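Notes for the one structure printed next.
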Amino acid sequence: MYIVIVNPEAGHGRSIRLFRKIQKDPLYKKANCRTFFTEGPGHAEKIAEQVAEIHHENLSSVIVIGGDGTLHEVINGMKQYPDVPVTFLPAGSGNDFGRGIGLKTRGVKLFRKIISHPLNYRVYLGSYVLHQRYKYGKRTFLNSIGFGLDGHIVTLVNESNHRHWIRKFHLSNFTYPIALLRAIKNMKPVHFELEIDGHTHPVTEGMMVTISNHPYYGGGMRIAPKASLQSSNLQVMIVRQISKKKLLALFLSVFIGKHTQIREVEEIKAHSVIFRSKEMVPFQVDGQGGRCSECHVKKASTKATIFKD
């Protein structure tokens, strides 16, 4: 049995259009696919949790059609069943996890590969806990978690007004860069404390801290060129106080991974990171925004099963 979870809003309707094409493919019925549509934030996680609990012994794969946020929810819903393969058909705005695992095939062709020639491999994901809520708050992330400017940008990306204009002018490929330009106007340094692998790191303020599980974020930016899903470590990127002009140059160079050569940028390999601040700061995880004052981040101790073409 295959479970298909579709976020009809992902990619400004791109995901539902892809699903309709897949639904017409003869393999869709032959493979005994059961499809669920999400109805809002958090719904994909509830669906995944319920179907995994009931059908995990008979599941060939859970197929996610949507963006990184939808996949984030599904992975968290299935965290009790890491051996059940999860397949991602990228149909969102960013699709960075697809880049991170090196997916070369897309659309209906990828669906056919999943059914006809499944090739699963095991990857380390990341885990995070907000405000020391270990009993109920431990969660998994796939791409990255970031604090400061990183979180502010994602907050702007997810604003309904921002999404309205992006959709109206067909600028989905520029969703993140446009939000970046807006965020830089009002940027302020964040005061924080970092503990990396048990040692206090001597940085007290900066523009952003991003902890990555693979190289990509923001729709193709190579924020962490050395990060790898096969590594048991994360890559931490710290951007100290920097001028607006230089910060813009930094993000332009991110697409080719040259930003790490800028003096105000520091890159560190780490297994665990604790971020603390005396104030609530914006953060993002897999493209979903929020605010926090403390977060414990590390590589997950167990691997997840992911399809790779």
Side-chain angles (χ1 to χ4, degrees), residues 1-11 15-16 18-92 95 97-98 100-127 138-143 213-214 229-230 286 300-309:
M1 175 192 296
Y2 291 84
I3 296 295
V4 182
I5 299 177
V6 184
N7 177 358
E9 297 298 320
S15 58
I16 193 66
L18 172 57
F19 171 70
R20 296 304 180 201
K21 293 177 182 177
I22 288 171
Q23 195 178 28
K24 295 176 183 177
D25 192 284
L27 279 178
Y28 178 79
K29 288 185 178 180
K30 186 178 179 180
N32 189 23
C33 293
R34 293 184 59 187
T35 299
F36 297 84
F37 296 92
T38 65
E39 298 176 357
H43 193 205
E45 185 167 340
K46 291 180 181 177
I47 294 171
E49 185 175 8
Q50 291 170 359
V51 298
E53 184 176 354
I54 297 169
H55 301 292
H56 63 274
E57 293 181 352
N58 301 311
L59 277 178
S60 297
S61 180
V62 173
I63 302 172
V64 182
I65 304 178
D68 290 332
T70 311
L71 182 62
H72 173 93
E73 289 188 12
V74 170
I75 288 292
N76 277 281
M78 297 181 61
K79 59 187 176 184
Q80 300 300 322
Y81 304 97
D83 293 330
V84 176
V86 175
T87 304
F88 185 41
L89 272 67
N95 304 319
F97 190 72
I101 60 175
L103 277 180
K104 300 178 180 65
T105 313
R106 291 288 190 272
V108 178
K109 287 184 178 179
L110 179 55
F111 172 76
R112 290 171 180 162
K113 272 193 173 184
I114 294 164
I115 306 301
S116 303
H117 302 92
L119 179 62
N120 300 314
Y121 80 132
R122 306 277 283 166
V123 297
Y124 285 107
L125 302 180
S127 69
K138 187 176 181 181
R139 294 182 60 78
T140 297
F141 70 94
L142 304 109
N143 301 332
N213 202 30
H214 64 74
L229 287 159
Q230 294 296 326
D286 288 347
S301 56
T302 58
K303 291 184 175 183
T305 306
I306 304 291
F307 173 88
K308 186 180 186 300
D309 67 343

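Predicted, not measured: the structure shown is a model, and the values here were computed from it.
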Working for side chain to side chain contact (heavy atoms under 4.5 Å, CB included), residues D68 and L142: CA-CA 8 Å; D68 290 332; L142 304 109; over 6 Å; no

Distance, nearest 0.5 Å, that separates NE2 of H43 from CZ of F37: 12.0 Å

CD/Q230: more than 12 non-hydrogen atoms of other groups inside 6.0 Å: yes

Q23, CD: over 12 other non-hydrogen atoms inside 6.0 angstrom: yes

Point-to-point distance, once rounded to the nearest 0.5 Å, from CD1 of I22 to CZ of R112: 9.5 Å

Interatomic distance, N120 atom CG to T305 atom OG1 [nearest 0.5 angstrom]: 6.5 Å

Mutual orientation of the aromatic rings belonging to Y81 and H56 [parallel < 30°, tilted 30-60°, perpendicular > 60°]: parallel

Side chain to side chain contact (heavy atoms under 4.5 Å, CB included) between R122 and D83, worked out: CA-CA 9 Å; R122 306 277 283 166; D83 293 330; 3.2 Å; yes

Heavy-atom closest pair, residues L27 and D25: N-OD1, 2.9 Å

Pair T140, K79: side-chain N/O donor-acceptor within cut-off below 3.5 Å: no

Pair L229-L125, side chain to side chain contact (heavy atoms under 4.5 Å, CB included): steps then yes or no: CA-CA 7 Å; L229 287 159; L125 302 180; 4.1 Å; yes

Between CD1 on residue I3 and CG on residue N32, distance to nearest 0.5 Å: 8.5 Å

